[in-house]
Q: 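This structure is in structure tokens; I'll ask about it shortly.
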Amino acid sequence: MTEAVERLTKKSEDPSRWYLDLIRMAKLADYGPVRGTFAIRPYGYAIWERMQRDLDDRFKATGHVNAYFPLFIPESYLKKEAEHVEGFDPEVAWVTRAGREDLEERIAVRPTSETIICDFYSRWIHSYRDLPVLINQWSNFVRWEKVTRPFLRTTEVLWQEGHTVHATAEEAREETLRMLDVYKDCFYETLAIPVLTGIKSPSERFAGAVETFTCEGLMGDGRALQAATSHDLGQNFARAFDITFLDENQERVYPYQTSWGFSTRAVGAVILVHGDDRGLRLPPKIAPTEAVIVPIWRGKNKAEVRKEADRLYSELKDSGIRIEADFDEEHSPGWKFNEQEIRGIPVRVELGPRDIEKDQAVLVRRDTGEKEFAPRKGLPERMRDLLEDIQKNMLRQATDFRDANTRSTEDYEEFKEIIAKKRGFVVAPWDGTEETEQKIKEDTKATIRLLPFEREEGTDPVSGKPGKTAIFARAY
RNA sequence: CGGGACGUGGCGCAGUCUGGUAGCGCACUCGGCUGGGGGCCGAGUGGUCGCCGGUUCAAAUCCGGCCGUCCCGACCA
């Protein structure tokens, strides 16, 4: 193999460096001048756009509408919900000066929008007839992080945040879980990432929430990543912002709220879950380009191959496949193969003189590297099937990896051993106290990623007291 | 925010110890031959050596400060 390929650090050797190499080489993002800021380059943004569209469709299908709220939040608003301020205070960026004047009141650049949206809701909601409010916004937020990595932890983040208001606690809880499922479906069906879902322990709960639910993915290096969260806010914010409505009994009461978010961090998750030593691997559903045609030509038959490749391109494009053709004459086919593997394009279509002669094309799938000679006739249909199979297979591979790296134990020595040497998810009973949670974190750096919905009784490996299932892992 | 490493064309690096005309590979531009796994030959473009100050006839190189990045730890989606 040539040196250019070798320059992508092996995933197994140094996952951290591999990740950064890959992002640069696949042109997904580039560093900005202010620490933790990044440009999302066109290819990376195209992946995000596909995720956006998928989620947005799911939001619309569940009755939500989009809106947009201000980026700037007065300090006084942020302070209204006590736990909320405390949680976000260390990472809020403040505007204290505008033009040539100092501001009377500091203005926060939103670290999340609960407070400003609640202010509007207190003006918009008067009656039970105004409920439920089911609003989502696509936006950005700023959190001044100390350690940053492209997509996974950045100073400015693109995301969506849903903010809903309901008449009853039951409805709000239902909504919280509905949106958790929406995320879960998106991860499984579209991103091919088999996330686990469950409840956050109190210490990991969103600042100001009654209950936080999470989607947790297992990355290729055995560390967990919180990929999306859905919060049941109860009446905490309604009380703080004085959101009230007259119910059917003519009584003035506080409504119940939820919020839920999914960010560009998911792009990082896709890279970490699916990428390999050759580069990125994209599930077809979020691949901006599903397949690329590489013509194989020699001087004498260039025109003929070009003509046939053009025909094939049109045919595939007309059938709805997101197809590209690489007619660049500077690079050799081998160069193009490698380039497309780094970019994670699901299928490569080779077309050369021998193929034209045999009335076929060569299909090579990125997920397994398998090569097949497909008859020219019916190629669009074959491609469709192949793409579907790749999508399924990538979910299967990721699920196998997750299952192979999920281990149960009630023995603390074994627990520590697993986290230290193998990582992955560890399933163990937890006695529900912050002390044992803290001790495990100190000993192993592992945290409770979630409490499953179905929990079994057992013995907490640390305290020896009765406990119920929790899932631990070292997290990003 | 602590411990360590590193900042030299777009990327990866050498040169720094021992001060003396800024180099290499890749990328990029032009020409030609090539083309089924990162091809070959030739000719070119591109750098105030992270920033500020000091020492010196002379600083990428020595000294001081600052900034940034990466890795390992404490906090977070």
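Quick caveat, the model's predicted, so the values are computed rather than measured. Residue numbers begin at 1 in each chain, while the letters A, B, ... track the order of the sequences.
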Q: Going by the angle between their ring planes, with limits at 30° and 60°, are A/Tyr121 and A/Phe69 parallel, tilted or perpendicular?
A: perpendicular
Q: Determine whether a donor-acceptor pair (N or O, by modelled atom type, separation under 3.5 Å) exists between the side chain of A/Thr444 and the backbone of A/Ala446.
A: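 Looks like yes, one N/O pair under 3.5 Å.
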Q: If only atom types and distance count, is the side chain of A/Arg366 paired as donor or acceptor with the main-chain N or O of A/Glu341 below 3.5 Å?
A: yes
Q: Is B/G37 paired to anything, Watson-Crick or G-U wobble with both distances less than 3.5 Å, and if yes, which nucleotide?
A: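 Partner of B/G37: none.
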Q: Under 4.0 Å between any heavy atoms, over every strand shown, what does A/Lys27 touch: base, sugar-phosphate, or nothing? Just pick one.
A: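 A/Lys27: no heavy atom of the nucleic acid under 4.0 Å.
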Q: According to the Watson-Crick and G-U wobble definitions, with both distances under 3.5 Å, which nucleotide is paired to B/G23?
A: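 Paired with B/G23, as far as the under-3.5 Å criterion goes, is B/C13.
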Q: From C-beta outward on A/Val147, which listed nucleotide comes closest to its side chain: B/G36, B/G73, B/G38?
A: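 Selected nucleotide (nearest to the side chain): B/G73.
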Q: Look at all strands and tell whether A/Tyr31 reaches a base, only sugar-phosphate, or nothing, counting heavy atoms closer than 4.0 Å.
A: sugar-phosphate
Q: If we take the P atom in both B/G46 and B/G10, what is their distance in whole Å?
A: 12 Å
Q: Determine yes or no for a side-chain-to-main-chain donor-acceptor pair under 3.5 angstrom, with A/Ser230 supplying the side chain and A/Thr176 the backbone.
A: yes
Q: How close or far is atom C1' of B/C75 from atom CZ of A/Arg474, stated in whole angstroms?
A: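 Whole-Å distance recorded here is 15 Å.
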Q: Could you work out the separation of B/U69 and B/A27 based on their C1' atoms and round it to a whole Å?
A: 22 Å
Q: Please test A/Phe88 against A/Phe141 for ring-ring contact (aromatic ring centres under 6.0 Å, His included), starting from the C-alpha separation and ending with a verdict.
A: CA-CA 12 Å; A/Phe88 283 101; A/Phe141 67 71; 8.4 Å; no
Q: Looking at the side chain of A/Trp297, which of B/C76, B/G35, B/G37 is the nearest nucleotide?
A: B/G35
Q: Expressed in whole Å, how much space separates the C1' atoms belonging to B/C13 and B/A5?
A: 16 Å
Q: When we call it a touch if two heavy atoms are under 4.0 Å apart, what does A/Pro90 touch: a base, just sugar-phosphate, or nothing?
A: nothing
Q: Applying a 3.5 Å limit to both distances, which nucleotide forms a Watson-Crick or G-U wobble pair with B/G64?
A: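 The answer is B/C52, by the H-bond criterion.
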Q: Using a heavy-atom cut-off of under 4.0 Å over every strand shown, decide if A/Pro353 touches base, sugar-phosphate, or nothing.
A: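 Answer is base: heavy atoms of A/Pro353 come under 4.0 Å of a base.
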Q: Between B/G36, B/G73, B/C76, spot the one nearest the side chain of A/Asp355, thanks.
A: B/G36
Q: Do side-chain atoms of A/Arg474 reach the backbone of A/Arg423 as a donor and acceptor pair under 3.5 angstrom?
A: no
Q: Flag the pair A/Asp21 and A/Arg24 as a salt bridge only when some basic side-chain nitrogen lies within less than 4.0 angstrom of an acidic carboxylate oxygen.
A: yes
Q: In whole angstrom, what separates A/His331's NE2 from B/G39's C1'?
A: 12 Å
Q: In terms of the angle between their ring planes, are A/Phe59 and A/Trp138 parallel, tilted or perpendicular, with boundaries placed at 30° and 60°?
A: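 Ring orientation of A/Phe59 relative to A/Trp138: tilted.
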Q: Measure from the side chain of A/Lys302, starting at C-beta and using heavy atoms only, and say which of B/G37, B/G35, B/C76 lies closest.
A: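 Taking heavy atoms from C-beta onward, the closest nucleotide is B/G35.
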Q: Taking any strand in view, what nucleotide pairs with B/C75 in a Watson-Crick or G-U wobble way, both distances under 3.5 Å?
A: none
Q: Check every strand shown and say whether A/Ser332 touches a base, only sugar-phosphate, or nothing at a heavy-atom separation below 4.0 Å.
A: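 It contacts sugar-phosphate atoms only.
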Q: 5'-most contact on RNA chain B: A/Arg205 or A/Gly352, nearest heavy atom basis?
A: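 The residue mapped nearer the 5' terminus is A/Gly352.
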Q: What's the closest nucleotide to the side chain of A/Ser16 if the choices are B/C71, B/G36, B/U34?
A: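 When the side chain of A/Ser16 is considered, B/C71 is the closest of B/C71, B/G36, B/U34.
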Q: In residues 184-197 of chain A, what residues come within less than 4.0 Å of RNA chain B, judged by heavy atoms?
A: none
Q: Specify the separation, in whole Å, of atom CG of A/Asp326 and atom P of B/G37.
A: 15 Å
Q: Report the relative orientation of the aromatic rings in A/Tyr412 and A/Phe415; use parallel for angles under 30°, tilted for 30 to 60°, perpendicular for over 60°.
A: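 The arrangement is tilted - the two ring planes meet at 30° to 60°.
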Q: Among B/G36, B/G38, B/A74, find the nucleotide with the atom closest to the side chain of A/Ile296.
A: B/G36
Q: At under 4.0 Å, does any side-chain N or O of A/Arg298 touch on OP1 or OP2 of B/G35?
A: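 The answer is yes; a side-chain N or O of A/Arg298 sits under 4.0 Å from OP1 or OP2.
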Q: Under 4.0 angstrom, heavy atoms only, what part of the nucleic acid is A/Glu91 near: base, sugar-phosphate, or nothing?
A: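 Sugar-phosphate: the residue A/Glu91, judged by heavy atoms under 4.0 Å, touches backbone atoms but no base.
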Q: Round to the nearest Å and state the distance from A/Leu20 atom CG to B/C70 atom P.
A: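 Interatomic distance, CG of A/Leu20 to P of B/C70: 7 Å.
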Q: Measuring only the C1' atom in each nucleotide, how far is B/G20 from B/U61? A whole number of Å is fine.
A: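 Rounded to whole Å, the distance is 11 Å.
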Q: Start at the 5' end of RNA chain B and walk down; is the nucleotide closest to A/Glu339 or to A/Arg17 reached first?
A: A/Arg17
Q: At under 4.0 Å between heavy atoms, what does A/Thr154 touch on the DNA or RNA strands: base, sugar-phosphate, or nothing?
A: base
Q: With sugar-phosphate meaning primed atoms plus P, OP1 and OP2, does A/Lys336 contact a base, only sugar-phosphate, or nothing at under 4.0 Å between heavy atoms?
A: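 Answer is nothing: A/Lys336 stays at 4.0 Å or more from every strand.
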Q: I need the CZ-C1' distance between A/Arg449 and B/C76, as an integer number of Å.
A: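 A/Arg449 atom CZ is separated from B/C76 atom C1' by 11 Å.
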Q: Please report the distance, rounded to the nearest Å, between NZ in A/Lys146 and P in B/G2.
A: 10 Å
Q: State the pairing partner of B/C28; accept Watson-Crick or G-U wobble contacts with both distances under 3.5 Å, and report none otherwise.
A: B/G44
Q: Between P on B/A74 and NZ on A/Lys441, what's the gap in Å once rounded to a whole number?
A: 8 Å
Q: What does A/Leu152 touch in the nucleic acid at a heavy-atom separation under 4.0 angstrom: a base, only the sugar-phosphate, or nothing?
A: base
Q: Write down the distance separating the P atoms in B/U16 and B/U56, rounded off to the nearest Å.
A: 24 Å
Q: How is A/Val294 classified with respect to the nucleic acid when contacts are heavy atoms under 4.0 Å: base, sugar-phosphate, or nothing?
A: nothing
Q: Do any N or O atoms from the side chain of A/Gln360 and from the backbone of A/Phe373 form a donor-acceptor pair under 3.5 angstrom?
A: no
Q: When the P atoms of B/U18 and B/G68 are compared, how many Å lie between them, rounded to an integer?
A: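 Per the computed distance, 31 Å lies between those P atoms.
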Q: Would you measure the distance from the P atom in B/U48 across to the matching atom in B/A60 and give it in whole Å?
A: 12 Å
Q: Is a donor-acceptor contact shorter than 3.5 angstrom present between the side chain of A/Arg143 and the base of B/C76?
A: no
Q: Within 45° of the six-membered ring axis of A/Phe425 and under 6.0 Å from that ring's centre, is NZ or CZ of A/Arg402 located there?
A: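 No cation-pi geometry.
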Q: Searching all strands shown, indicate the nucleotide that pairs with B/C70 (Watson-Crick or G-U wobble; both distances under 3.5 Å).
A: B/G4
Q: If I pick the P atom on B/C75 and the same atom on B/U29, what distance separates them, to the nearest angstrom?
A: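 Straight-line distance between the two P atoms is 49 Å.
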Q: Starting from P on B/C75, measure out to OH on A/Tyr476 and report it in whole angstrom.
A: 19 Å
